[in-house]
Amino acid sequence: QVQLVESGGGSVQAGGSLRLSCAASGYSFNIYSMGWFRQSLGKEREGVAIISTGGSSTRYADSVKGRFTISRDNAKNTLYLEMNMLKPEDTAIYYCARTAYASSSIWATPSIQVADFAHWGQGTQVTVSS
């Protein structure tokens, strides 16, 4: 079955950096678009970044543009999120996710849609202190 395991979370001071990883297994990683999402206390889950199957197309939430970079290594079945210039408002549990179908079109809408993703990891906590 589909398994997504995040790692790399932790506690950093504002302005610091973290790199999250998501190890995927149980399916053909290279034919599915992937995404990173986050959820902070009392708020709904929100999209952070998405990436196409080959990595040539990406999209970011406005709040992280210029600071976060999503990437993937299909040979290693791994998704990454490089986070720089972290802010206290980035504090959240971060989840990686896979689309429901290999043919799912996540690029038709201008924003990242939680509903387009059907498989989720357990999440990794990121805490940014001021």
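Computed over heavy atoms, backbone and side chain alike; hydrogens, waters and symmetry mates excluded.
- Atoms OG and CD, from S40 and E89 in turn, are 10.5 Å apart once rounded to the nearest 0.5 Å.
- Atom CG in L79 sits 11.5 Å away from atom CD1 in I50 (nearest 0.5 Å).
- W107 CH2 to S57 OG: the interatomic distance, rounded to the nearest 0.5 Å, is 5.0 Å.
- With a 4.5 Å cut-off on side-chain heavy atoms, R72 and M34 count as touching.
- Across all their heavy atoms, S52 and S33 have their closest contact at CA-OG, 3.8 Å.
- Note that OG of S56 is 8.5 Å distant from CD1 of I51, once rounded to the nearest 0.5 Å.
- Following chains of ILVMFWY side-chain contacts shorter than 4.5 Å, one can reach I31 starting from F29, so the two form part of one hydrophobic cluster.
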Listed pairs under 3.5 Å, donor-acceptor, residues 92-105 side chains, sequence neighbours left out:
{"unit_1": "Y94", "atom_1": "OH", "unit_2": "R38", "atom_2": "NH1", "d": "2.9"}
{"unit_1": "Y94", "atom_1": "OH", "unit_2": "D90", "atom_2": "O", "d": "2.6"}
{"unit_1": "R98", "atom_1": "NH2", "unit_2": "A100", "atom_2": "O", "d": "3.1"}
{"unit_1": "R98", "atom_1": "NH2", "unit_2": "H119", "atom_2": "NE2", "d": "3.4"}
{"unit_1": "T99", "atom_1": "OG1", "unit_2": "Y101", "atom_2": "O", "d": "3.1"}
{"unit_1": "S104", "atom_1": "OG", "unit_2": "Y101", "atom_2": "N", "d": "3.0"}
{"unit_1": "S104", "atom_1": "OG", "unit_2": "Y101", "atom_2": "O", "d": "3.0"}

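- Scanning all heavy atoms of the two residues, the minimum distance from S130 to A14 falls at CA-CB, 4.3 Å.
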Point to revise | Evaluation steps, side chain to side chain contact (heavy atoms under 4.5 Å, CB included), between Q125 and T91 | key: CA-CA 8 Å; Q125 177 72 46; T91 295; 4.0 Å; yes

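- The side-chain heavy atoms of W120 and V114, taken from C-beta on, include a pair separated by under 4.5 Å.
- Between the CZ atom in F37 and the CD atom in Q113 there is a gap of 9.0 Å [rounded to 0.5 Å].
- With T124 contributing its side chain and G9 its backbone, the two residues share a donor-acceptor pair below 3.5 Å.
- In this structure, the side chains of E82 and I70 stay at 4.5 Å or more apart for every pair of heavy atoms.
- The closest side-chain donor-acceptor pair between N84 and S17 falls under 3.5 angstrom.
- A 4.5 Å side-chain heavy-atom check between V12 and L86 finds at least one atom pair inside the cut-off.
- Proximity of the aromatic rings of Y60 and F68 is defined here by a centroid distance below 6.0 angstrom, and this criterion is not met.
- With a 4.5 Å cut-off on side-chain heavy atoms, W36 and L20 count as touching.
- Residues V48 and L81 have side chains in contact (heavy-atom distance under 4.5 Å, counting atoms from C-beta outward).
- The shortest side-chain heavy-atom distance between S7 and V5 does not fall under the 4.5 Å cut-off.
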Exercise for review: Walk me through it: do S28 and N30 pass the test side chain to side chain contact (heavy atoms under 4.5 Å, CB included)?
Suggested key: CA-CA 6 Å; S28 297; N30 63 337; 4.0 Å; yes

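- Here the CZ-CD1 distance, from F117 to I106, works out to 4.0 Å after rounding to the nearest 0.5 Å.
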